[in-house]
2 protein chains.
Amino acid sequence: MTGVTQGVRPRGAGRAQLHETALRLFASDGVEGTSLQAIADDMGVTKAAVYYHYRSKDDLVLSVLAPVFTELDAIADRAAAHRSRPARLDEFVTGIVGLIVDNHSRFAVLVGDPYVERLLAAHHDLSGWWRRIVDEIVGAGADPLTQTAMLVFLTGMTAPLIKPPVAGLDAETQRAHLIECGRRILQIRRRPA
Amino acid sequence: MTGVTQGVRPRGAGRAQLHETALRLFASDGVEGTSLQAIADDMGVTKAAVYYHYRSKDDLVLSVLAPVFTELDAIADRAAAHRSRPARLDEFVTGIVGLIVDNHSRFAVLVGDPYVERLLAAHHDLSGWWRRIVDEIVGAGADPLTQTAMLVFLTGMTAPLIKPPVAGLDAETQRAHLIECGRRILQIRRRPA
DNA sequence: GTCTATAGAAGGATAGAC
DNA sequence: GTCTATCCTTCTATAGAC
């Protein structure tokens, strides 16, 4: 899906490739550690070419992250539709793991990067998703242990795919293992109806 | 031992306070997002004063992180001393949670910061601790699910204390909840002998 | 132990040619 | 849509006075 649709490009690849390059560098070096110069160099263009597509670095960062907000909303919607909490939690875990496996870098940058954290604090309309998860999925008045467990789950999902022991597994195995971890943390017995 | 800054430290209160300030800013803004200027400003001194204590930024970062390596080694030692795997895992979980609750910022910066990740890749003598955990605590030939669970646990421990729902709890409650999360992830039934 | 001053490199961002 | 060239700011790091 993300692939090399542009193939070997002598010049002028456009936004899609820029997105892809930026995300890769953000994930490996951190947002603050990735200069627009580095992105331009990686693509074989100049900084000015990057500024043609995005007004600022923050603009680029938010643009790269945007898809994950849409996904998170969709996941939260699907989960919130269930009546019982175990069902909501399981739907949520499954959804998040799917997001991670298909879209790991984006999620890791969103949850883990200090630059992004500050950026979203400014755009507070984008930073309410954690509140929503607690309120609608876990339940607003949930006990602290369950809230803690949800937090550990969400944070815990960010690293696994890039580290040695897990990185080598195929996608379906990763998916199954991560879902199992989520069910353990949140104590979901099995797939509830 | 790397001999980064070590040797003598007969200085005044300057170093301790510098350590503390740097760690706080590293944790909140990321290492790359924290300039030596910002550290100096926060302490009410100049950059040059910081350079009197540390030869470079990397030197400062490694010095700030150093205590956590000592702690991790001690925790791994205590855990590895147990014969049964459940006992090793439980000792490890308890130790890590203790480290987190008492020393959260340092651990979070160590595990989560991209700058630190690159820095440790260079000093590869300091980055072997994850390997050690897998080999000695989980067991070298452990199944991928257990290895994944350990990774999720370690990563999951980095966020909780600073986020709203958990940050407000008292230390003992945090400790208990985090230990419970660890036991769930790693499926440790109870405190084994 | 801390300061002023500054070198030298790198980063974000803009203007205007093609 | 991409380029060259440039501006201004900030960063790491050093030199030398007090």
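This one's a predicted model, so the numbers in the text were calculated from it and none came from an experiment. By convention in this document, chain letters (A, B, ...) are assigned in the order of the sequence lines, proteins followed by strands, and residues within each chain are numbered from 1.
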Partner set under side chain to side chain contact (heavy atoms under 4.5 Å, CB included) for Y115(B), not counting sequence neighbours: V31(B), E32(B), K57(B), D58(B), V61(B), D113(B), R118(B), L119(B)
Whole angstroms only, please: what is the CG-P distance between L18(B) and dG1(C)? 12 Å
By side chain to side chain contact (heavy atoms under 4.5 Å, CB included) - contacts of R132(A) (at least two apart): D73(A), A76(A), D77(A), E136(A)
Just N and O in the side chain of T46(A): are any of them under 4.0 Å from OP1 or OP2 of dC3(D)? yes
By side chain to side chain contact (heavy atoms under 4.5 Å, CB included), P144(B) pairs with (sequence neighbours left out) L169(A), H177(A)
Can you check whether E91(B)'s main-chain N or O pairs, donor with acceptor, with H82(B)'s side chain at less than 3.5 Å? no
Side-chain N,O (Y52(A)) to OP1/OP2 (dG1(D)) below 4.0 Å: yes
Separation of M43(A) atom CE from dG1(D) atom P, in whole Å? 13 Å
Who passes side chain to side chain contact (heavy atoms under 4.5 Å, CB included) against S28(B), sequence neighbours left out? none
CG of L60(B) versus C1' of dC11(D): gap in Å, rounded? 15 Å
In whole Å, what is the span from the OH atom of Y54(A) to the P atom of dG1(D)? 12 Å
So if I define the base as every atom that isn't primed, P, OP1 or OP2, how would nucleotides 11-18 of chain C read as a B/S/- string at a heavy-atom cutoff under 4.0 Å? SBBB----
What residues form a side chain to side chain donor-acceptor pair (under 3.5 Å) with T46(B), not counting sequence neighbours? none
